[in-house]
Structures are given as structure tokens and as C-alpha cells.
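Remarks on the structure that follows.
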Number of protein chains: 2
Amino acid sequence: MPRTRGRAPTGGRADALSREIIVDAAIALLDELGERGLTFRLLAKQLNTGPGALYWHVTNKDELVALAADQVLGDALAAAPHSEEGAGTALRALAIAVFDALDRHPWAASHVDAPATLANALRLLDRIGTLVERTGLPAERHFEVATAISYYITGVSAQIIAPCTTVGASTSRDAFLAQTAERWEELDPADYPFLTRTTADLRSHNDRDQFTTGLDLLLDGLNTIADPRPPA
Amino acid sequence: MPRTRGRAPTGGRADALSREIIVDAAIALLDELGERGLTFRLLAKQLNTGPGALYWHVTNKDELVALAADQVLGDALAAAPHSEEGAGTALRALAIAVFDALDRHPWAASHVDAPATLANALRLLDRIGTLVERTGLPAERHFEVATAISYYITGVSAQIIAPCTTVGASTSRDAFLAQTAERWEELDPADYPFLTRTTADLRSHNDRDQFTTGLDLLLDGLNTIADPRPPA
DNA sequence: ACCTGAACACCGTTCAAGT
DNA sequence: ACCTGAACACCGTTCAAGT
């Protein structure tokens with residue numbers, strides 16, 4: 001990793017490259033064009049260089065996208081209020097901050113792997129774990145519960161957000177939902193009894209509420225275990 | 001979609017192509033080489049044709065991979081026991097069947113998008129919804145709870161299974177876990193208090209249990225709502 | 001140390017031509 | 001209707017050469 005920070009610290013040309021400049025530009029392109037639209041040639045042109053120059057700062061495209069996704073996640077962690085009253089409330093706020101960040105950068109959703117490569121994914125898991133320890137859960141369950149929550153946050157966010165990426169940045173979410181709702185209506189009620197009965201909910205549903213519904217279900221389950229059956 | 005079913009029904013050459021033959025071969029290659037390893041040229045060679053021939057049966061690579069993922073999901077649905085005693089038990093069995101199928105075909109995990117394109121993803125959601133209706137939950141919550149469970153199943157499975165895909169089919173999961181555990185141990189306890197305390201759990205953990213832990217948390221939360229606080 | 005840009009290997013996709 | 005295979009456009013990556 002080159003030690004460049006900010007712009008041209010030691011006095012090189014004003015537009016000298018650096019890892020963060022490249023990653024920032026990559027994020028902008030990813031937001032606009034999606035993962036397939038990000039090209040080393042295009043990125044190089046934006047930065048007034050040749051493709052080869054980028055490889056001095058970044059190993060390959062995989063690493064570049066990983067760095068970009070990591071930064072998105074890092075921004076989310078920074079935005080999430082760090083200490084809060086109850087552990088449950090804090091977990092909820094943290095989860096929503098991550099969801100919102102991924103919602104703004106849909107391409108990143110499929111790249112935040114829970115207990116793995118991204119530095120900020122580790123930070124996320126650690127913060128979740130620290131909060132779980134505060135719930136009064138028996139210590140031997142801390143790990144499994146913390147990872148379950150972490151998996152839920154990143155995994156379900158990705159599921160909810162990914163469809164937009166697939167269609168390309170072109171189609172809006174509303175259009176996409178309307179379109180799927182139409183497909184649901186054409187289904188045979190004999191084969192899809194539930195879905196055909198439920199089209200209205202699909203149309204009116206909200207992604208963010210969707211996310212929090214499951215999250216609350218999960219946290220409710222956690223409470224059931226933490227302090228089993230408090231008096232009514 | 002050509003009407004070919006099985007092998008050469010009307011009497012063409014014995015090795016005539018068909019959508020399902022192509023998809024089957026694609027699945028085999030995906031299992032062996034991952035999504036990047038699947039190439040139209042390579043696939044064509046396996047089937048003794050040129051790349052162009054495949055395009056008569058399949059629109060493009062995206063569709064091919066989607067068809068392959070859909071088949072994996074379809075197999076999982078067929079394997080899951082269709083009717084079971086309690087709704088909770090049936091939901092659990094269904095979820096595990098999907099997890100196991102994706103575990104056998106890791107590349108498919110990132111392609112099962114919950115309320116969306118794949119035909120069998122719709123079937124999955126419908127089966128979940130039908131089971132949710134049996135839980136005694138108020139009707140206006142059926143949709144959100146069903147989708148929450150659906151999102152959990154596909155999203156968390158993807159999270160748990162995806163890391164293997166990233167590394168390539170080369171590294172085994174055990175090696176991967178051991179490697180991450182080592183990284184955790186090198187972390188600064190001041191920055192990562194929880195993780196450094198928890199390395200042992202990571203080493204001994206089991207992916208499938210991980211999946212069911214969160215699932216049970218979710219279903220527990222569901223029970224809390226379905227029949228709130230039954231007498232102790 | 002850092003950048004340039006041509007070149008290599010490879011891939012998805014198309015299409016005129018065949019049967 | 002279905003297959004063939006050459007060709008096109010494009011991409012990730014490398015590398016000898018520059019400053």
C-alpha cells in the first residue's frame with residue numbers, strides 16, 4: 001500500500017493517483033453503471049491515465065471492488081450511533097444504518113461477506129458481538145447469536161437490494177415492483193394460492209420496513225431466550 | 001423455448017441439443033469451475049458443438065446461469081417433504097432443504113433472488129406463505145412474515161455459502177475457516193474485543209447449525225407474535 | 001517510485017452460411 | 001429448424017519503456 005494520503009502530499013503532480021482516489025472514482029462509476037459498467041479503461045480515462053497505472057495501486061478488479069464495498073460499509077459504521085441506551089435499540093440502529101448504506105450503493109450488497117475478508121465486515125461483527133454480550137444471554141451463545149444477526153443484516157439486505165442491480169441501474173424499483181406484481185397476478189391460483197392472494201401487499205410494500213420486520217422478529221426471538229417469559 | 005424433451009424425441013441426431021441438456025452440462029461445469037469458469041466455448045466443446053449453437057436454445061449467459069440456479073432450487077423444493085405436522089416444523093424442513101441444495105452448488109446461492117425472476121423462487125415463497133397462514137398469525141401480517149422468512153432462507157444461505165465461491169472452488173471450507181481464525185487471532189483486542197475473545201467458537205462452528213440457529217431465532221420470534229405469552 | 005500505452009489472451013455475442 | 005465457426009467488440013491484465 002503506497003503511503004499517499006489525500007492529494008499529492010509530497011509534491012508530485014496535482015492529480016497524482018492514490019488508492020483512495022481510485023476507489024472513490026470507482027465508487028462513483030459503480031453507482032452510476034453497476035459492476036459490469038466499471039471498466040479499467042473507463043476508470044483510467046476518468047482519472048486521465050492509462051489502465052496500467054491503476055495496477056500499481058490495486059492488485060486487480062476483484063480487490064478494487066472489495067475496497068469500494070469496504071468503504072461503503074465503513075461509512076455505514078461511522079454513521080451508526082455508537083452507543084445507545086439498550087442493546088436491542090443499538091442493534092436495530094446499526095442494522096438499519098448498514099441497510100441504508102447498501103441501499104444507496106446496490107452493487108456493494110453482494111460483496112459484504114459476513115465473517116470474512118472485508119476489514120469493516122469484521123468491525124461490524126465485533127460491534128454486534130459486543131452488543132449481544134450486553135443482552136444477558138448466556139456466554140456460550142454469544143458467538144452463534146452475533147453471527148446470526150450479522151448474517152441477517154448483510155444477507156437479507158443483499159436479497160432485498162440485489163434485484164435492482166440485476167436489471168441494471170436503469171429500471172427504478174417502483175417499476176420493478178409493479179412489473180413483478182403483474183407477473184404474480186397472471187399466475188394460476190391453483191399453483192400459487194398464497195401469492196395470487198397477496199398481490200396487493202407486494203404493490204404497497206416498502207423495502208426498508210420489510211428489512212426491519214424480519215429484524216424485529218429475530219430480535220424478539222433473542223429476547224425470548226435472553227429473559228424467558230417475563231411476567232405479564 | 002424449443003419443445004425438445006429428454007433426448008432427440010422426434011428422431012434428430014442422437015446428441016441433439018436441448019435447453020435441459022445445456023443447463024445440465026452448465027450445472028456440472030459451474031459445480032466444478034465456478035461461475036467464471038463457465039464459458040460458452042468450453043460448454044460448447046463439452047457438448048461437441050460451436051458456441052453459436054447454444055444461443056439458439058438460450059438467450060445469453062445470464063439466462064443460462066439463472067436457469068441453472070432455478071433448477072438447483074427446484075430440486076431442493078422437490079426434496080423437501082411437502083406436508084408435515086406443524087407449520088413450524090415444515091418451515092424448518094423447507095429452509096434446511098434449500099440450504100443444503102445451495103451448499104452443494106455454491107455458485108447458485110447468489111442467484112436465488114427472493115420475490116423475483118426465478119420460477120422456483122416464486123414456488124418457494126408460495127409454500128412459505130401457505131405455511132405461515134397455518135400459524136394463526138393475523139392475516140395482515142402474512143405477507144411480511146412470509147417474505148421475511150424467504151429472505152432469511154435465501155439471503156443467509158448465500159452469506160454462509162458465498163465465501164467458498166469467492167476463493168474459488170479450490171480452497172476447502174475447513175482451510176478457509178482455519179485461515180480466517182488465524183486472522184482473528186492477530187487482531188488487536190483493543191479494536192476487536194469481541195472477536196479476539198471468540199476465536200475458539202469460529203474454529204469449532206458448523207455452517208449448517210449456524211443457519212438453523214438464526215432460523216430458530218426467527219421462528220421463535222414468530223411464535224411470540226402468533227400466540228403471545230402462553231401461560232408458563 | 002510511478003506512469004504510459006501498446007499488446008496478449010480471453011470472453012460474450014453475432015451472423016452469414018450451411019444442412 | 002437447427003447447427004457451424006469465423007469474426008467483432010470488448011475486457012482484465014501484463015510489461016517494456018519512459019520520467
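What's counted below: heavy atoms across the whole structure, side chains too, no hydrogens, waters or symmetry copies. All figures in this text were calculated on a predicted structure; none of them were measured in a lab. Labels below follow one simple rule: chain letters A, B, ... track the order of the sequence lines, proteins then strands, and each chain is numbered from 1.
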Is any side-chain heavy atom of Ile27(A) closer than 4.5 Å to a side-chain heavy atom of His105(A)?
yes

With a 4.0 Å limit, can you tell me whether His57(B) has a side-chain N or O closer than that to the phosphate oxygens OP1/OP2 of dA1(D)?
no

Winner on side-chain proximity to Leu17(B), out of dC2(D), dT13(C), dC3(D), is dC3(D)

From dC2(C), dT13(D), dG12(C), nucleotide with atom closest to Trp56(A) side chain:
dC2(C)

Report the distance from atom NZ of Lys61(A) to atom C1' of dC11(C), rounded to the nearest whole Å.
13 Å

Using whole Å, what does the distance between atom P of nucleotide dC10(C) and atom NZ of Lys45(B) come to?
11 Å

Rounded to the nearest angstrom, tell me the gap between atom CG in Leu43(B) and atom C1' in dG12(C).
13 Å

Take the protein atom CG of Leu33(B) and the nucleotide atom P of dC11(C), then report the distance between them rounded to whole Å.
11 Å

Looking at every strand, decide which applies to Leu64(A) at a 4.0 Å heavy-atom threshold: base, sugar-phosphate, or nothing.
nothing

Counting heavy atoms from C-beta on, name the nucleotide in dC3(D), dG12(C), dT13(D) closest to the side chain of Thr39(B).
dG12(C)

Strictly below 4.0 Å, N to O, side chains only: are Glu63(A) and Arg19(A) in salt-bridge contact?
yes

Tell me which nucleotide among dC3(D), dC3(C), dG12(C) gets nearest to the side chain of Ala16(B).
dC3(D)

For dG5(D), which nucleotide is its Watson-Crick or G-U wobble mate, given both distances must be under 3.5 Å?
dC15(C)

Figure out the CG/P separation between Leu54(B) and dT14(C), and round it to whole Å.
13 Å

Starting at the 5' end of DNA chain D and moving along, which residue's nearest nucleotide shows up first, Arg36(A) or Gly52(A)?
Arg36(A)

Leu38(A) has an atom CG; how far is it from atom P of dC10(D), in whole Å?
17 Å

His205(B) and Phe143(A) aromatic ring geometry - parallel, tilted or perpendicular at 30°/60° bounds
perpendicular

For dC10(C), which nucleotide in any strand shown is its Watson-Crick or wobble partner with both distances under 3.5 Å?
none

Closest non-hydrogen atoms of Leu73(B) and Val98(B), given as atom of the first, atom of the second and distance, are CD1-CG1, 4.0 Å

Heavy atoms from C-beta onward define the side chain here; which of dC3(D), dC11(D), dT14(C) lies closest to that of Tyr55(B)?
dT14(C)

Is the ring pair Phe40(A)/Tyr55(A) parallel, tilted or perpendicular, if the boundaries are 30 and 60 degrees?
parallel

Arg41(B) atom CZ is separated from dG12(C) atom C1', nearest whole Å, by 7 Å

So which one's nearest nucleotide on DNA chain C is more toward 5', Thr59(B) or Ala53(A)?
Ala53(A)

Whole-Å distance between dA9(C) C1' and Leu42(B) CG?
16 Å

